[in-house]
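One structure below.
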Amino acid sequence: GNSVTQMEGPVTLSEEAFLTINCTYTATGYPSLFWYVQYPGEGLQLLLKATKADDKGSNKGFEATYRKETTSFHLEKGSVQVSDSAVYFCALIRNTGGFKTIFGAGTRLFVKA
Amino acid sequence: DTEVTQTPKHLVMGMTNKKSLKCEQHMGHRAMYWYKQKAKKPPELMFVYSYEKLSINESVPSRFSPECPNSSLLNLHLHALQPEDSALYLCASSQDDSLRYNEQFFGPGTRLTVL
């Protein structure tokens with residue numbers, strides 16, 4: 001079936017550290033892939049997306065590359081800030097009787113000053 | 001305007017009450033969604049409306065009743081809920097529900113508590 005697996009959190013980093021949050025997926029065909037972010041007390045916001053293999057999505061210093069060979073879409077940022085503290089969800093879209101977004105379990109990130 | 005608004009922000013209701021959650025968007029999107037999110041969990045899809053017609057119902061209990069009066073509005077009517085229905089209810093919209101355009105815009109959610 002279609003599924004998304006994210007690394008378990010929480011992830012705790014110091015400000016200016018390098019961030020990687022791993023995401024792998026299982027899907028038939030070529031799904032679109034997304035990273036959403038949820039700040040405390042808010043809804044989800046789209047952070048970045050990629051719709052085909054080798055695409056790189058980027059936004060606000062975050063990047064992720066759609067790797068078909070490893071079925072991965074890892075999120076990276078070179079230098080995190082305290083304001084990046086949030087929950088990050090990797091997601092894909094599947095098409096089985098209607099298009100549906102499948103979310104990973106989410107990874108909570110804490111950034112310390 | 002790239003905003004999805006939801007009202008109320010917080011709702012406390014008893015198990016015998018009837019209440020409604022409201023969602024609105026003015027981005028011209030033709031797909032709208034209801035999700036339920038429990039603490040420390042990802043959102044779970046409940047319903048999808050596409051061009052004002054219900055296209056997906058994820059086997060949600062009948063005590064939740066969605067309604068899409070027009071392309072900008074989405075309601076969720078609540079009746080005889082259980083305490084385990086307490087959660088954050090998120091509304092989202094997208095340009096349509098086809099693969100290529102399914103970037104979703106989320107509202108801030110309604111925090112529901114059932115006593």
Side-chain angles (χ1 to χ4, degrees), chain A residues 2-11 21 23 25 27-53 55 57 59 64 66 86-110, chain B residues 2-7 9-10 21 23-25 27 29-51 53-60 74 87-111:
Chain A
N2 297 280
S3 65
V4 176
T5 303
Q6 288 181 239
M7 63 187 288
E8 288 204 22
V11 173
I21 299 178
C23 172
Y25 67 90
T28 52
Y30 300 95
S32 292
L33 301 174
F34 303 82
W35 277 101
Y36 285 88
V37 59
Q38 187 172 31
Y39 297 103
E42 298 184 11
L44 279 71
Q45 301 174 25
L46 179 69
L47 184 58
L48 53 84
K49 66 179 180 182
T51 57
K52 61 182 187 297
D55 265 3
N59 185 26
Y66 190 139
V87 180
Y88 294 81
F89 292 98
C90 186
L92 63 78
I93 293 175
R94 77 172 192 198
N95 178 14
T96 49
F99 291 97
K100 177 179 169 180
T101 300
I102 306 297
F103 289 94
T107 302
R108 184 171 296 273
L109 171 66
F110 293 104
Chain B
T2 58
E3 193 179 19
V4 176
T5 59
Q6 290 188 243
T7 56
K9 192 171 176 63
H10 299 278
L21 309 185
C23 174
E24 190 167 5
Q25 56 87 16
M27 294 177 277
H29 289 172
R30 304 312 301 269
M32 296 186 77
Y33 311 77
W34 280 115
Y35 287 89
K36 173 182 178 180
Q37 187 179 25
K38 300 286 269 185
K40 300 185 179 181
K41 297 289 187 183
E44 298 172 33
L45 183 66
M46 300 174 72
F47 303 103
V48 180
Y49 273 83
S50 178
Y51 292 83
K53 289 186 168 33
L54 184 65
S55 62
I56 295 179
N57 177 341
E58 290 287 289
S59 303
V60 178
L74 185 66
L88 181 68
Y89 287 83
L90 294 165
C91 174
S93 70
S94 64
Q95 187 165 344
D96 64 29
D97 64 350
S98 69
L99 180 66
R100 186 175 174 191
Y101 295 106
N102 214 23
E103 171 185 336
Q104 295 184 34
F105 292 77
F106 283 81
T110 293
R111 176 76 59 189

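Inter-residue side-chain proximity for A/Tyr36 and B/Pro43 is flagged as unmet; no heavy-atom pair is nearer than 4.5 Å. Put simply, the side chain of A/Gln38 does not reach to within 4.5 Å of the side chain of B/Phe106, judged on heavy atoms.
The salt bridge (Lys or Arg N to Asp or Glu O under 4.0 Å) search around A/Lys52 returns A/Asp55, not counting sequence neighbours.
Residues A/Phe89 and B/Lys41 share a closest heavy-atom pair of CZ-O, 4.0 Å. Of all the heavy atoms in A/Gly104 and B/Pro42, the pair that sits closest is O-CB, 3.2 Å. In this structure, A/Thr101 and B/Tyr35 approach most closely via the heavy-atom pair CB-OH, 4.0 Å.
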Which atom pairs, donor and acceptor, lie under 3.5 Å between side-chain atoms of residues 4-11 of chain A and protein residues at least two apart or in another chain?
unit_1: A/Gln6; atom_1: OE1; unit_2: A/Cys90; atom_2: N; d: 3.0
unit_1: A/Gln6; atom_1: OE1; unit_2: A/Gly106; atom_2: N; d: 3.0
unit_1: A/Gln6; atom_1: NE2; unit_2: A/Tyr88; atom_2: O; d: 2.8
unit_1: A/Gln6; atom_1: NE2; unit_2: A/Thr107; atom_2: OG1; d: 3.0

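In the displayed structure, B/Arg111 atom CZ is contacted under 6.0 Å by at most 12 heavy atoms of other residues, nucleotides or ligands.
Contact annotation for B/Gln6: neither backbone nor side-chain heavy atoms come within less than 4.5 Å of a heavy atom of chain A. Looking at B/Gln37, only its side chain comes within 4.5 Å of chain A, counting heavy atoms on both sides.
Rounded to the nearest 0.5 angstrom, A/Thr51 OG1 and B/Glu103 CD are separated by 11.5 Å.
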